[in-house]
Amino acid sequence: MNQELKNTEKRKTEPLTNKEWFTFFIIPVNPNSRLNSKSANQIEYERYERFGFKKKMEQADTARIAGVLFYFFIILIAIIIYYIKL
């Protein structure tokens with residue numbers, strides 16, 4: 001097996017870096033879909049699909065779900081605090 005194939009196989013099983021995971025977590029959805037049809041996360045996810053980075057795709061999906069749940073619970077807690085103070 002030559003070096004190029006070894007590197008290709010290594011990249012397919014390599015996990016997301018902390019920075020990549022954090023961007024998928026902080027911006028789980030495209031916030032300005034009317035102005036810009038593709039966000040940086042969508043472009044990056046499509047690149048993972050194109051090159052077959054399955055582990056990165058799975059971790060990106062997990063980070064997005066965690067990000068959506070995080071924002072949901074933050075909003076829910078803010079609403080609860082608001083109604084408790086009334």
Side-chain angles (χ1 to χ4, degrees):
M1 188 183 268
N2 64 11
Q3 189 65 29
E4 184 179 344
L5 290 175
K6 286 181 184 177
N7 288 338
T8 302
E9 289 301 316
K10 180 183 173 192
R11 277 182 266 148
K12 285 184 181 182
T13 58
E14 197 170 277
L16 286 175
T17 63
N18 290 339
K19 183 180 176 185
E20 290 171 331
W21 195 92
F22 190 68
T23 57
F24 280 105
F25 178 79
I26 293 296
I27 309 170
V29 294
N30 188 4
N32 56 352
S33 60
R34 274 188 272 159
L35 301 176
N36 183 9
S37 62
K38 290 193 176 192
S39 70
N41 284 346
Q42 289 173 325
I43 293 169
E44 196 69 15
Y45 191 81
E46 288 172 3
R47 187 178 72 84
Y48 297 156
E49 280 182 325
R50 188 174 342 120
F51 293 111
F53 299 154
K54 293 180 182 180
K55 187 166 186 173
K56 286 189 177 201
M57 287 173 45
E58 292 170 0
Q59 289 180 335
D61 288 336
T62 303
R64 280 183 177 167
I65 291 169
V68 168
L69 290 174
F70 172 76
Y71 285 118
F72 174 76
F73 285 120
I74 292 294
I75 292 170
L76 184 66
I77 290 170
I79 291 171
I80 290 171
I81 290 172
Y82 176 76
Y83 280 113
I84 287 175
K85 289 190 176 194
L86 286 179

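The structure presented is a predicted model; accordingly, all values stated were derived computationally and were not measured.
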Main-chain N/O of Thr23 paired to Asn41 side chain as donor or acceptor, under 3.5 Å: yes
What pairs with Phe25 under ring pair (Phe, Tyr, Trp, His ring centres under 6.0 Å), at least two apart in sequence or on another chain? Trp21, Phe70
From CD1 (Ile26) to OH (Tyr71), nearest 0.5 Å: 4.5 Å
Here the gap from Lys54 atom NZ to Lys12 atom NZ, rounded to the nearest 0.5 Å, amounts to 7.5 Å
Measure the CD-CZ distance between Gln59 and Arg64 for me, rounded to the nearest 0.5 Å. 13.5 Å
ILVMFWY cluster membership beyond Leu76 - transitive side-chain contacts under 4.5 angstrom: Ile65, Leu69, Phe72, Phe73, Ile80, Ile84
Applying side chain to side chain donor-acceptor pair (under 3.5 Å) to Glu49 and not counting sequence neighbours gives none
Side chain to side chain contact (heavy atoms under 4.5 Å, CB included) for Asp61 and Tyr45? Distances and angles first, verdict last. CA-CA 9 Å; Asp61 288 336; Tyr45 191 81; 3.2 Å; yes
Under the rule for side chain to side chain contact (heavy atoms under 4.5 Å, CB included), what residues qualify as partners of Glu20, not counting sequence neighbours? Leu16, Thr17, Glu44, Tyr48, Lys56
Residues in side chain to side chain donor-acceptor pair (under 3.5 Å) with Arg11, at least two apart? none
Apart from Ile77 itself, its cluster of hydrophobic side chains linked below 4.5 Å comprises Ile81
In the structure I gave you, are the side-chain heavy atoms of Phe53 and Arg47 within less than 4.5 Å of one another anywhere? yes
Looking only at heavy atoms, what is the nearest atom pair of Pro28 and Gly67, with distance? CG-C, 4.0 Å
In this structure, are over 12 heavy atoms from other groups packed under 6.0 Å from Asn7 atom CG? yes
